[in-house]
Amino acid sequence: MNKYRTHNCNELRKEDLDKNISLSGWINKKRDHGNLLFIDLRDNYGITQCIIDKENKNFLKLEKVQLETVVKFEGKVVNRSNDTINKDIDTGEVEVAINTFEILGTCKELPIPVFSDQEYAEEIRLRYRFLDLRRKKIHENIILRSKVISYIRNEMMKLGFLEFQTPILTSSSPEGARDFLVPSRLNPGKFYALPQAPQQFKQLIMVSGFDKYFQIAPCFRDEDARADRSPGEFYQLDLEMSFVEQEDVFDVVEKLLVNTFKEFSNKKLMYNQFPKISYADAMLKYGSDKPDLRNPLIINDITEIFTRDDVSFEIFKKLVKSGSKVRCISTTNTKDKPRSFFDNIDKWAKEQGASGLAYFTFEEKGDLFAKGPIGKFFSKEALVEIMKKTNSKVGDSIFMACGKQRDLEKITAQARDKIGKDLGLIDDNIFAFCWIIDYPMFERNEETNKVEFSHNPFSMPQGNLSDKDFENPLDILAFQYDIVCNGIELSSGAIRNHIPELMYKLFSIAGYDKKQVDEKFSGMINALSYGAPPHGGIAPGIDRIVMLLANEKNIREVTMFPMNQNAQDLMMNAPSEVTEEQLKELNLAYKTKK
RNA sequence: GGGGGUGUAGCUCAGUUGGUUAGAGCGAUCGCCUGUCACGCGAUAGGUCGAGGGUUCGAGUCCCUUCACUCCCGCCA
């Protein structure tokens, strides 16, 4: 028999009445009636009410024991009278009459209570993460994460994928995020990098003939944190398949995600087959390549309106003449919204650094007219044209902004979210997935004016490219795709370029000559020239999937031991200083910043 | 690197126009209480008001600087 327990704290039922049992766990809560003491004993599995009274010689000692002390109780399972049954816990029909107890682990005064629904400052939660993790909600989130990962792993194996580990110490790559570097003791002056993703390795696995690979892969990027982005490390379901086209990858991932989300959430899926939206369409209609499709609002381009003679909104007309565009959002039946609704949105837009959002409402009093501060600048005919372009009717309102394309996309995308939320148009009980496809291969860096890879340099360009196509590299599309859910980017992937000559060509457009490519990507480019299968894959973010399933807005709520915004682990005290000897051994010296 | 928010007891927070000794709930300690499940009742302890400087007869409150945490922008192929 186990020394500590015969049952866990969620096991005892009516059938166990009169049994002599032992339980071990944490003292979750005490209710001390002076001569009668109730103790809720908690472990990973649940809670059992235990009871002792003054007749027992241990009563006075137990009365003094602190919350969160780890104890072992020996006692008898006894019945609860009908009026004292607790339906909120699984063991609520019985309780344990304590005979003896033993303290297994003492507990000092708590810096944060474990038994409480209160919110606490993150700093203290992270410092005492082991206490925080005892609390119900986050404890369940972490268990959910474990179950989701097991489920995914199981599904992947059923689909014929093999799981492989790839190196954590690898080489720095010139593209992408900032690397975490690790000095090499045996190779002075040289550094490993932690992988931003096992990108090259998974392609090499395909070249090695393994056909279908997956891994719950740690990825390391030294970039600043956000609510949905941990600093340091995160996990991806990294997968890659040989002899596939884009649609084959879509099939696998779509089924996997639909099954996973149906298994672990009661929320409805808006689409069982994810709609496919081209990058260009997404940028126009949603101003973003991660649109929240729960939000029905759509952005329209009405630049043309401002070239008409019967429109006299001179500020916009002038800007349009010098190359700016005008885009708008139409809201349904908002004519009765108070003035403050419109002004708040305009004010909000100014706070976002835009020049504001102009607005008016289509109204009819015998004749069609636009109500609002700028309504008078539009003729009836112009209004009809706007209604046509935006699919609006009388009673609807138009919010518009004017600017350079990129700024305009940004502010209208934010405005779409803001107005959608303000109008209550977003159903929180829905998951709306979509694919974003047809990403451009290259984009122009606005600062340097250089052509750069817009996403992954290893992606396969679309079409049979002739030399002529390379004269306009910005027009080349890639077999590159993202999955988005409720406005959160869940993953990105691509069909890879497995043809070395084509790879050199594309890299040359981004300003890398053959020698540089050979140096930087030696492992890959070399491998591709020894018989590489066509292949492609994707890498859904595990943390964000669990975040959506757990209905959390912050990734730290589904991460066991996260770092804070400054990439510090407050519990383990990382990063920390190292000794002179350690630095010397690594041939390192550092300069103080000043 | 930049912008916003927050910082008062171990924890969560209140603190009016600048005005006497800075409060509450939970937790801790002590006492009372035999059916609670957020048990109840009474008492006690617990504070460099994030830090530094300034204005003022007087600063938790106003001003400046700075630190920490957080959200956002940049960044994140």
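These values consider heavy atoms only, across backbone and side chains, with no hydrogens, waters or symmetry-generated copies. Each chain gets a letter, A, B and so on, in the order the sequences are listed, and its residues count up from 1. This structure is a prediction, so every number in the text was calculated from the model and none was measured.
Between the side chain of A:R31 and the base of B:C33, no donor-acceptor pair of N or O atoms lies under 3.5 Å. With hydrogens and angles left out, the side chain of A:D224 and the base of B:G74 share a donor-acceptor pair within 3.5 Å.
Of the side-chain N and O atoms in A:K64, one or more sit less than 4.0 angstrom from OP1 or OP2 of B:G31. The phosphate of B:C71 (OP1 or OP2) has no side-chain N or O of A:R229 nearer than 4.0 angstrom. Contact annotation: A:N35 does not reach the phosphate of B:G35 (side-chain N/O to OP1 or OP2, under 4.0 Å). Using a 4.0 Å cut-off, some side-chain N or O of A:K29 falls inside it from OP1 or OP2 of B:G27. Residue A:R226 places at least one side-chain N or O closer than 4.0 Å to OP1 or OP2 of B:C73.
Of the candidate nucleotides B:G35, B:U70, B:U34, B:U70 has the atom lying nearest to any side-chain atom of A:E122. The A:I124 side chain lies nearest to B:C11 when the options are B:C11, B:U36, B:U34. Comparing B:A38, B:U34, B:C76 by their closest approach to the side chain of A:E223 singles out B:C76. Side chain of A:F115, nearest nucleotide from B:C69, B:U36, B:A38: B:A38.
In this structure, CD1 of A:I411 is placed 16 Å from P of B:C72, rounded to the nearest angstrom.
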